[in-house]
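One structure is given below, encoded as structure tokens.
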Protein chains: 2
Amino acid sequence: MEDLPTRDRLVFAALKLFGEKGYLSTSIQDILREAGANAGSLYHAFPTKQDVLIAVLDLYRQGIEPMLLAPAWDGVDDPIEKVFALLARYRGMLEATDCLYGCPIGSIALELHEPDPPVRELLSLNFTQWVGHIERCLDEAGDRLPADLDRRMVAILVLNVMEGGVMQSRTHRTLEAFDASVAGLRDYLNRLEQAASGGQPK
Amino acid sequence: MEDLPTRDRLVFAALKLFGEKGYLSTSIQDILREAGANAGSLYHAFPTKQDVLIAVLDLYRQGIEPMLLAPAWDGVDDPIEKVFALLARYRGMLEATDCLYGCPIGSIALELHEPDPPVRELLSLNFTQWVGHIERCLDEAGDRLPADLDRRMVAILVLNVMEGGVMQSRTHRTLEAFDASVAGLRDYLNRLEQAASGGQPK
DNA sequence: AAGGCAGTTGAACGCTCATTCAAGTCGTGC
DNA sequence: GCACGACTTGAATGAGCGTTCAACTGCCTT
């Protein structure tokens, strides 16, 4: 970390702090302290604080596959289990931080009420790619799910369950709401599988 | 509005602005301008900005029943349709504001990363009461739903669908994600009803 | 050896923020 | 008619914010 170029240290520091305290509550001074840099260096690398955010959102987007999905899906082959393995990963982060650290993208999305277009588009892209990966899992599940099922719709619901679960759990400082939401999704997918396999429950 | 006591004008102004721009991005000056009051009056009524937030969250909580549920459920008797009527109400707000105005509670919950206890408890209480009303609808549905169904779990999932749908829709500036999430929930509840009524689909 | 330039330093700037306060207004009880 | 407390006024305060900049460092080129 210490031997990285200043620009990268700044982005990683901002990534960490934006996730922990949000964008608005993180000051330039906070980022400089965390990265061990000076104001001039930051403003040599980025025109404004918003450009730091843009770099962070882009780094986050690039990290979805190698940093999030790859470790979550290590040793998991079943495509439907992959969905729940990913949710379990978020649960683990909540658990490890007393329900404080959830999904930075979601926090920033609600924190900035009218974000400038480049920021909004990157937030949007982060969601779209996340949903895209889930949709691919559902496609892989093939005829285990009903043929007429709108898999994109379900993928959006999965992101929904994650973000909403994080929000409620962070608010209540309990994992109950996250677990309940995932349990609801599990029940739904189980019923979809039953329906696809002929319809006889049990 | 203009003839209300100053304290109330301030709370209503803050309610509006916190919903529109969030808590952190709303300045005391903004609230004073909106309410037509002076700094001294605000600090005569409230010790700090955070106490204004507390008053707003409490007003919001009191408003759940008369301001949100009552109009949403006007003319709706079917308990399961009540759930979707409430979601439709949120959809209407999103639609009327180009996906900008969602649920203030959710926004504030994610905006404040470590809120002081009284604030966190009021956010928590808002969610708990909302979920409680949904759970009561599901209870009213009686044996239309499976007897062994965890209705509280489903109620939490309903709030989840709303909040997650608002978040995604606000980010994409499209109602697609909200609609997809509600469609997923509808499909799930349909399948639960089928299962409770003997299990034969179609 | 000299010139140039990417990158660094940290003090300083202007602005906005939440909050304070001394001075004022008004209505009520005596 | 006067004293008192509740409420209002709006300028002032000080802290913190994002941002700027002139001076400096060290490396690469010629």
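In the text below, chain A, chain B and the rest are named by the order of the sequence lines, each starting its count at 1.
Residue A:His44 has its side chain nearest to C:dT8 when only C:dT19, C:dG10, C:dT8 are considered. Of all nucleotides listed (C:dT19, D:dT8, D:dC17), D:dT8 comes nearest to the side chain of B:Thr6. Distances from the side chain of B:Ile28 to the nucleotides C:dT19, D:dG18, C:dT8 place C:dT19 closest. Of the listed nucleotides (C:dT19, C:dT8, D:dT9), D:dT9 has the atom at the smallest distance from the side chain of B:Asn38.
Put simply, CD on B:Gln29 is 10 Å from C1' on D:dG10, counting in whole angstrom units. Rounded to an integer number of Å, the gap from A:Leu17 CG to D:dC17 P is 13 Å. Following rounding to the nearest Å, B:Leu32 (CG) and D:dC7 (P) show an atom-to-atom distance of 17 Å. When rounded to the nearest whole Å, the span between NZ of A:Lys49 and C1' of D:dG16 equals 12 Å. In this structure, the CG atom of B:Leu42 is 12 Å from the P atom of D:dT9, given to the nearest Å. Atom-to-atom, CG of A:Asp8 to P of C:dT8 comes out at 11 Å; the value is rounded to the nearest Å. Between B:Leu10 atom CG and D:dT9 atom P there is a gap of 11 Å when expressed in whole angstrom units.
Taking CD from A:Glu140 and CG from A:Leu145, the interatomic distance works out to 11.5 Å, rounded to the nearest 0.5 Å. Annotation: the span from B:Glu20 atom CD to B:Thr26 atom OG1 amounts to 8.0 Å, rounded to 0.5 Å.
Judged purely by atom type and a 3.5 angstrom limit, B:Asp116 has no side-chain atom pairing as donor or acceptor with the backbone of B:Val119. A donor-acceptor distance shorter than 3.5 angstrom exists from the side chain of B:Gln168 to the backbone of A:Ile156, with no hydrogens or angles considered.
DNA chain D is contacted by no residue of residues 51-59 of chain A, taking any non-hydrogen atom closer than 4.0 Å.
Using a 4.0 Å heavy-atom cutoff across all strands shown, B:Ser41 reaches at least one base atom of the nucleic acid. If you check every strand for non-hydrogen atoms under 4.0 Å, A:Ser25 touches nothing.
The phosphate of C:dA18 (OP1 or OP2) has no side-chain N or O of B:Thr48 nearer than 4.0 angstrom. Phosphate contact (OP1/OP2 of C:dT20, side-chain N/O of B:Tyr43, threshold under 4.0 Å): absent. The phosphate of D:dG16 has neither OP1 nor OP2 within less than 4.0 Å of any side-chain N or O from A:Ser27.
Sequence order on DNA chain D of the closest nucleotides to A:Gly40 and A:Leu24 puts A:Leu24 first from the 5' end.
No cation-pi contact links A:Arg191 to B:Tyr188, judged by a cut-off of 6.0 Å to the six-membered ring centre and 45° from its axis.
Residue pairs meeting the ring pair (Phe, Tyr, Trp, His ring centres under 6.0 Å) criterion with at least one member in residues 21-54 of chain A, sequence neighbours excluded: A:Phe18-A:Tyr23.
Under 3.5 Å, the side chains of B:Asn38 and B:Ser41 contain no donor-acceptor pair of N or O atoms.
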